[in-house]
Amino acid sequence: MNRTLNPRVALTPSLIIIVGFLTVCPVVMLIFGSFSEGLGAFGSFTLEKYTHAYTDPAFAGIIINTIIFTIGSAFVATGLALFLAYLNTRTNIPFKFLFRIISIIPMMIPHILFSVSWVLLLNPSNGLINLFLREILSLEGSPFNIYTLQGMILVEGLLDLPIAYLILAPAMASFDVSFEESSRVCGASNLRTLTRVTLPVLRPAILASFILVIVRSLASFAVPSVIGMPGRIYVLATHIYRIIATGFAADYGMAAAVGMSALAASITLIYLYRYLTSESEKYVTISSRGYNPSVIDLKNAKYPLFGIVGILSLVLIILPVLVLFYISLVPYSMVPSAKAFSMMSWKHWIEVLRDPISLLSLRNSVFLGVVGASLGVTLSVFVAYVIVKIRTRASGLLESLSFLSFSFPGIVVGVGFMWFFVHTPLYATIWALLIGYIATYLPYGIRPLTSAFVQIHSHLEESSRVCGGGTLYTLRRVIIPLLIPGIVSGWILMATMFVRELTLSVVLSRPGTEVLAVQIFRFAEDGLWGQLSALGIIMIFISSTLVVIASLIGAKLTKVETVSQ
Amino acid sequence: MGISIKGLNKDYFSEGKRIRALADVDLTIPARQIFTLLGPSGCGKTTLLRCIVGLETPDSGEIAIGGETVWSKEKGIFVPPEKRGLNMVFQTYAIWPHMNVFDNVAYPLQTRKEPKKDIIKKVKKTLRFVQLEGFENRPATKLSGGQQQRVALARALIAEPKVILFDEPLSNLDAKLREETRKELRDFLTELKITAVYVTHDRVEALALSDSIAVMKDGSIMEIGSPKKIYFHSDHRFVADFIGRANLVEGRVRAVEDSYAIIDSSIGTITCPKSPDTSPGNTVSICIRPEFIRVMEKNTRESRNIFRGKVDSLVFIGEVYEGEIIIGDTRIFTRIEPTLTIREGDEITLFLDPDHCFVISE
């Protein structure tokens, strides 16, 4: 018998083991941890953590805050996204390229920096806008206070706007225009058509966006920690953080017990989301007659509406970076003025570049970004290959496993991994962070690669096999070169995520394994805004550099035209 | 090298329904021949080809190439495609868009790590053979359909495979180019004396290219034979109808005289060559191809197979009229010379060549 161990056959099970470990391990450890006495006493069963966590009188308030925060953010993000998507796909608003920028750029700005810049603008003691208004209106107190639930909702809503937009814009663009046309033929006005036909037909997509934003804001840590904690407004994520990071003794058992409810809520919502997206594919008909852009003439409203969009893009993109850069140069928060400009110096930058912990965090983050993204993308290539090209029941299982972590809130995964790493030599090493990162962000690598694989005709692979190329040879000579564009975008996504990672790192990072976002978070806790801003700009710079380098390498590797088949 | 296939089965599951792609296929493909699998889409011909090459796994049965078993459920043998020593030309050509012509063609040699010098020499030789001399550095995306097809052929030939398989390789070419390429392909393959298995649904292609044709239907092989045998003396009604236009007339054998059978049919008495099925009293189907029906003068000297009929429709398609003639209650398709002056509604006399009417056994 010449039936040797075929690498093609062994691929699926080994990937299921690896990905299964990465995604299931933190959850299993979280469950066991929640029933254990403490990190040192793993496995000694107790229900005490649950009773303790859920009988805490403050817990009800935290749940209410969480609900208001997540639903509020969902309203803000979905409402704004609807507005922008409608204007872009259905009206003759000018400068449409701006919409693409608005939908992509905020992803490039790390959430913690975005939150910090809003704190710098609107905090009650020395927020720039508050200072400015106090000066010109000679007010006693500050008109705005960012450290409130409303402030959190505003910032989180703006941060999640791109996700909502990316769900709603394609749904609106592919929506069959004849629905609207028939309504207008029936004599309905534009507005009536919008409210009676367009929005109801888009309802599944709107709900999907709404739910996804709830999941994201439930998992969000940057906004609740930077904006919520100073105002003593706690949501589930910050509550978990408080349990493990403050007070006299970190209680990982109780954190796990609280984490269980965040996890359960998140998984339920993701299932609802998946159900809705499959529904929306059913109802939002993509007409094959070709997209017929029947745009609505905005007439006089054209420029005022564009003004709103312009202000939004200013607020989303330019303002945060500008504020950070400004604050990194002035000695303390002050309204821009001649005096402020005369006092500008590189003091904060020099301090940061001399601070050993900041430098260490810089090194760690670059290492995690480069090495982590490379390993993560390598794994993603194999996983995406099995998902798209080897369609068996086992590959279906792999697909579900690899997208599972989408529904896990980062801080909960962090607590789960903590329970695991504590029992391994990886604890408090950079490799613990690396494994955690890959586990949490695997879908970001797999997504672009699955779509790349879908585009490669199976004949291209089969002809290599027939020509004598084994599985690995085929992978190296045919599949991977054709995948380079997908690999590059997967790498860029993962690398930028890793360089800015906060939520997971805040749990797993120990002295010696500090990373950029955690260091920035420490600066925020200590109110060192100048140094924070300098380090923040460095972080944005590193992300952008990685993106540029990856794109250049990708362009060099793919000198060939696009895949035609 | 010949291919022998025994008891091959393969089922597909599509939307909860079981589809038999291959139903107990037994087949011997002789060496150094062009062997064609012909059939309508969904008949299992491509599945059979993919099983031979190893891209698909049958459910049961056995495949041997040149005496070596490459797949057997019972013996637990599965030789992967890259180790079967075959090559294949795909319907889409599967030219790798990120490589130039040289790398595409050299690929099979590169997988075997042959010395660079030999590879360059062989690529040059093969490209000359397929008339693409000097195309080595052309990017694959800058090739026309016909050129891609030839690159695919060069890639399939270069490593001198035992068997070369073709999966509808001409179906993506336009009609004129298809005719030219078909002729070229025939010349290439005859020159190389190679075993070729060719899958197509195009009967003209099959007739023009093949040494033998196997006609498939619903996962089974209906009939195997030379193009002439399949065309003139097919045993099956389905095959007769699929391979060309056919008039099928039912009748009962009245008598057998010398080498002819006399059959009472729905259009009258037909004389045709006798066959094992033409014992007097048997019910039979007779196949008459339109091109063997001639329009005669009213008082022709022919005495056999003369019928009177009314022209029901007449369509001028260039080289002939396609006519539908009603004889009794039966509609007969004919091809009528375009120079004849006949109009719809005319009564005409038809002569069915007795040597080209044949009885279908099933």
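What you see is a predicted model; the values in this text were computed from it and never measured.
- Interface summary for chain A: among B:R50, B:R112, B:E82, B:M88, the most heavy-atom pairs under 4.5 angstrom belong to B:E82.
- By the 4.5 Å heavy-atom criterion applied to side chains, A:R477 and B:D103 are counted as neighbours.
- Within a 6.0 Å radius of CZ in B:R32, no more than 12 heavy atoms belonging to other residues, nucleotides or ligands are found.
- What you find for B:Y107 and A:T474 is that their closest heavy atoms are OH-CA, 4.0 Å.
- In the displayed structure, B:Y12 atom OH is contacted under 6.0 Å by more than 12 heavy atoms of other residues, nucleotides or ligands.
- Applying the 6.0 Å contact sphere to CD of B:E160 captures no more than 12 heavy atoms from other residues, nucleotides or ligands.
- Here the straight-line distance linking atom CZ of A:R465 with atom CG of B:L55 works out to 7.5 Å at 0.5 Å rounding.
- Annotation for B:R182: atom CZ counts as buried by contact number, over 12 foreign heavy atoms lying within 6.0 Å.
- Expressed to the nearest 0.5 Å, how far CD1 of B:I95 lies from CG of A:L460 amounts to 9.0 Å.
- Note: A:H459 and B:F90 have tilted aromatic rings, judged against thresholds of 30 and 60 degrees for the angle between ring planes.
- Expressed to the nearest 0.5 Å, how far CG of B:N87 lies from OG of A:S463 amounts to 8.5 Å.
- Listed here is the closest heavy atom pair of A:L482 and B:P97: CD2-CG, 3.7 Å.
- At a 4.5 Å heavy-atom cutoff, the contact between B:L86 and chain A is made by backbone atoms alone.
- In this structure, CH2 on B:W96 lies 10.0 Å from CD1 on A:I479, to the nearest 0.5 angstrom.
- The environment of NZ in B:K124 is sparse: at most 12 heavy-atom neighbours from other residues, nucleotides or ligands sit within 6.0 Å.
- Both the backbone and the side chain of A:S464 come within less than 4.5 Å of a heavy atom in chain B.
- By the neighbour-count criterion of 12 heavy atoms within 6.0 Å, atom CZ of B:F102 is densely surrounded, having more than that number from other residues, nucleotides or ligands.
- Across every non-hydrogen atom of A:V466 and B:V53, the tightest pair is CG2-CG2, 3.7 Å.
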